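Bear in mind the structure is a predicted one, so any value in this text is a computation, not a measurement.
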Amino acid sequence: MKLDIDYKAIGLRIKAARARKGLTQGNIANLTGLSTPHISNIETGNTKLGLPTIIHLANVLDVSVDELLCDNIHHSEQIYCNELADLVKDCSVDELHIISELAKVIKKAGINSAKKVRKRRTKAEMAAAKAAEEAAMQMEV
């Protein structure tokens, strides 16, 4: 069984964790002993990273390895719930309304499992973008 690892998603999570801590790529490079260009390549998904590097980054960023790898882990529901809670905690009422409508569209489409293949997520992202556009247009009216 071949496992397709989404290094771009891992990189985005590493970048988000770094930003939450207020660190630069240079700071992370100094703390991990990796080069700044290597950190940049990790964050953009342009390089594969091994388990020791993932563990080291998780420790430096004060996150769990599960949080960094949740796109590739079948039992990551709580991570996504925490991520959503973090995303909406400072949203305006209008933003919450749009997010709620998007969630309804996605759930109705049946895309509610972390086990869906990447192609399905791409369709979900397209549906979400369309729904966001429609919701924004309705709010302008």
Side-chain angles (χ1 to χ4, degrees), residues 1-140:
M1 178 174 109
K2 185 176 184 281
L3 178 64
D4 290 324
I5 298 174
D6 189 346
Y7 289 99
K8 190 167 282 211
I10 293 168
L12 288 172
R13 290 185 186 288
I14 289 168
K15 181 178 182 176
R18 176 180 60 77
R20 281 193 303 272
K21 285 197 59 116
L23 298 172
T24 65
Q25 289 179 346
N27 298 138
I28 297 298
N30 289 335
L31 293 168
T32 61
L34 301 170
S35 70
T36 302
H38 189 59
I39 297 296
S40 176
N41 284 324
I42 288 171
E43 289 185 359
T44 57
N46 291 327
T47 190
K48 295 180 179 180
L49 59 162
L51 187 56
T53 302
I54 293 170
I55 292 169
H56 198 75
L57 285 167
N59 287 330
V60 166
L61 296 169
D62 295 321
V63 297
S64 73
V65 172
D66 285 358
E67 186 175 337
L68 298 179
L69 302 177
C70 63
D71 293 312
N72 301 287
I73 297 173
H74 296 291
H75 301 286
S76 55
E77 186 175 329
Q78 189 57 48
I79 293 167
Y80 290 117
C81 288
N82 292 344
E83 191 175 88
L84 276 170
D86 192 44
L87 283 169
V88 301
K89 71 181 174 190
D90 60 350
C91 286
S92 69
V93 173
D94 290 337
E95 291 169 326
L96 288 171
H97 175 73
I98 291 171
I99 291 167
S100 175
E101 293 303 312
L102 286 172
K104 289 173 190 172
V105 168
I106 292 168
K107 187 161 179 142
K108 185 176 179 181
I111 304 166
N112 60 359
S113 172
K115 295 180 183 180
K116 301 293 182 185
V117 294
R118 182 70 189 145
K119 289 179 187 173
R120 193 69 188 257
R121 275 190 249 151
T122 301
K123 288 179 183 175
E125 291 164 359
M126 289 170 48
K130 183 178 177 184
E133 226 175 84
E134 291 171 0
M137 286 168 45
Q138 287 177 352
M139 291 179 70
E140 290 174 2

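- Within the 4.5 Å cutoff, side-chain heavy atoms of I39 are placed close to those of L57.
- Atom OG in S35 sits 8.5 Å away from atom CD1 in I42 (nearest 0.5 Å).
- Taking CD1 of I99 as the start and CG of D94 as the end, the distance is 11.0 Å to the nearest 0.5 Å.
- The distance from atom NE2 of H38 to atom OG1 of T32, rounded to the nearest 0.5 Å, is 8.0 Å.
- The line from CD1 of I54 to CG of N59 is 12.0 Å long, rounded to the nearest 0.5 Å.
- Using a 4.5 Å cut-off on side-chain heavy atoms (C-beta onward), I55 and L51 make contact.
- Under the 4.5 Å side-chain criterion, counting only non-hydrogen atoms from C-beta, N27 is not in contact with K21.
- Taking CD1 of I98 as the reference point, atom CG of L102 lies at 7.5 Å (rounded to 0.5 Å).
- Between V63 and R20, some side-chain heavy-atom pair lies under the 4.5 Å cut-off.
- With a 4.5 Å cut-off on side-chain heavy atoms, L49 and Y7 count as touching.
- Scanning both residues, Q25 and T36, for their nearest heavy atoms gives CB-CG2, 4.0 Å.
- Of all non-hydrogen atoms in I28 and R18, the two that sit nearest each other are CG1-CD, 3.5 Å.
- N41 places a side-chain N or O within 3.5 Å of a backbone atom of P37 that can act as its donor or acceptor partner.
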